[in-house]
Number of protein chains: 2
Amino acid sequence: MKLSKKSEYGLRALLELTLAYETSSFVQRQDIASRQNIPVEFLEQVLLTLKRAGLLASRRGMNGGYRLIKPPSHVTLGQVIRILDGPLAPIGCVSRTAYQKCDDCPYAGRPSCPVQQAMGAVRDAIAGILDHYSLTDFAAGARNASS
Amino acid sequence: MKLSKKSEYGLRALLELTLAYETSSFVQRQDIASRQNIPVEFLEQVLLTLKRAGLLASRRGMNGGYRLIKPPSHVTLGQVIRILDGPLAPIGCVSRTAYQKCDDCPYAGRPSCPVQQAMGAVRDAIAGILDHYSLTDFAAGARNASS
DNA sequence: CAAAAATTAAGTTAGTTTGTCAACAAGCGT
DNA sequence: ACGCTTGTTGACAAACTAACTTAATTTTTG
């Protein structure tokens with residue numbers, strides 16, 4: 001039930017990129033890294049996967065960097081975490097985005113599986129929050145903080 | 001955001017022990033293991049930690065085994081998972097049972113930290129479900145299934 | 001061209017998960 | 001008392017994952 005550093009860094013990086021979204025300018029890795037206290041090289045991998053997933057654009061050369069290319073109100077924390085950490089569900093057999101049959105459970109597949117019932121509720125709760133939590137909402141707290 | 005095998009096996013084992021609770025008889029490791037399809041030696045470790053945590057009693061020798069010593073309605077899935085997997089919170093800085101200050105986050109400690117706000121909501125949702133989900137509730141599904 | 005910056009691939013380190021093994025301790029039936 | 005059954009302990013190990021590092025490459029721009 002833990003969020004990886006990858007996801008945490010990803011969210012914190014997207015925070016910076018969300019704040020810079022209106023200016024539609026590019027932010028460089030080391031700027032994000034130093035502002036958010038993240039190892040640059042590791043951050044790079046994170047930004048790259050977010051780019052491949054279609055959330056970011058990048059430009060090389062001087063004045064290059066990364067930029068958010070989707071409106072922050074349309075990107076949810078759920079999407080981001082799924083990209084970086086995989087499914088939100090605590091167990092494969094209750095995942096909606098990456099369902100996988102349990103191999104060893106004696107109740108496998110049956111709708112009355114106790115594990116599925118309990119963990120299904122947890123999955124729905126987690127997804128219910130994170131899939132309705134946009135980057136705009138996420139950045140809202142940060143703006144207040146700096147004022 | 002994943003449940004470990006340890007916790008999954010633990011819950012499935014407790015399912016068996018809950019079903020046997022009224023008879024107040026001891027159930028042996030290999031019975032639990034074969035019924036639930038769990039490697040015996042690994043299950044042992046799980047049962048042992050649950051015993052040390054005060055949920056189970058054991059008896060050696062013939063007709064020995066493990067037995068649940070708390071009423072199933074008083075044991076929650078949240079307790080069990082915390083014993084086997086640690087805190088439910090996705091990140092240390094929002095845990096109630098094992099709080100830990102973030103070391104690198106620029107908003108560390110401030111109540112307006114965006115990560116804390118989002119993950120705090122997730123933690124509350126998870127704990128809200130699992131801390132009110134008793135072994136009795138858990139076993140309810142299994143009983144219907146066999147009928 | 002030369003400097004700046006992203007891109008890619010690969011490797012490293014450390015820790016966790018999942019599982020195995022062997023030796024030992026305690027209880028039970030005869 | 002003896003032997004069988006069962007729990008107890010601790011060490012170990014393979015496989016995997018997380019978190020980072022290094023270094024070489026490619027692209028863009030001034």
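This structure is a prediction, so every number in the text was calculated from the model and none was measured. Just so it is clear: chains get the letters A, B, ... in the order the sequence lines come, proteins before strands, and each one is counted from 1.
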May I have the distance from [X] (atom [atom1]) to [N] (atom [atom2]), rounded to whole angstrom?
| X | N | atom1 | atom2 | answer |
| --- | --- | --- | --- | --- |
| Leu50(A) | dT7(C) | CG | C1' | 15 Å |
| Glu41(B) | dC21(C) | CD | C1' | 8 Å |
| Asn63(B) | dA26(C) | CG | C1' | 15 Å |
| Met1(B) | dT17(D) | CE | C1' | 18 Å |
| Met62(A) | dC1(C) | CE | C1' | 13 Å |
| Leu47(A) | dT8(C) | CG | C1' | 15 Å |
| Phe42(B) | dC12(D) | CZ | P | 19 Å |
| Asp85(A) | dT17(D) | CG | P | 13 Å |

Name the nucleic acid region contacted by [X], choosing base, sugar-phosphate or nothing; use a 4.0 angstrom heavy-atom cut-off, strictly under.
| X | answer |
| --- | --- |
| Gln30(B) | sugar-phosphate |
| Arg29(A) | base |
| Leu48(A) | base |
| Lys51(B) | sugar-phosphate |
| Gln28(A) | sugar-phosphate |

side-chain N/O Tyr9(A) vs dA18(D) OP1/OP2, d < 4.0 Å: no
Phosphate OP1/OP2 of dT7(C): any Ser58(A) side-chain N/O under 4.0 Å: yes
Base of dA25(C) paired with side chain of Arg60(B) (donor-acceptor, under 3.5 Å): yes
dT21(D) base / Gln45(A) side chain donor-acceptor hit below 3.5 Å: yes
Of the nucleotides [options], which has the atom closest to the [X] side chain?
| X | options | answer |
| --- | --- | --- |
| Lys5(A) | dA19(D), dT8(D), dT9(D) | dA19(D) |
| Glu44(B) | dT9(D), dC20(D), dT7(C) | dT9(D) |
| Arg52(B) | dT9(D), dT21(D), dG19(C) | dT9(D) |

Any donor-acceptor N or O pair under 3.5 Å, side chains Glu44(A), Tyr66(A):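 Side chains of Glu44(A) and Tyr66(A): pair found under 3.5 Å.
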I'd like to know if the side chain of [X] and the backbone of [Y] have a donor-acceptor N/O pair within less than 3.5 Å.
| X | Y | answer |
| --- | --- | --- |
| Asp137(A) | Ser134(A) | yes |
| Arg59(A) | Gly65(A) | no |
| Ser95(A) | Ile91(A) | no |
| Asn37(B) | Cys105(A) | no |

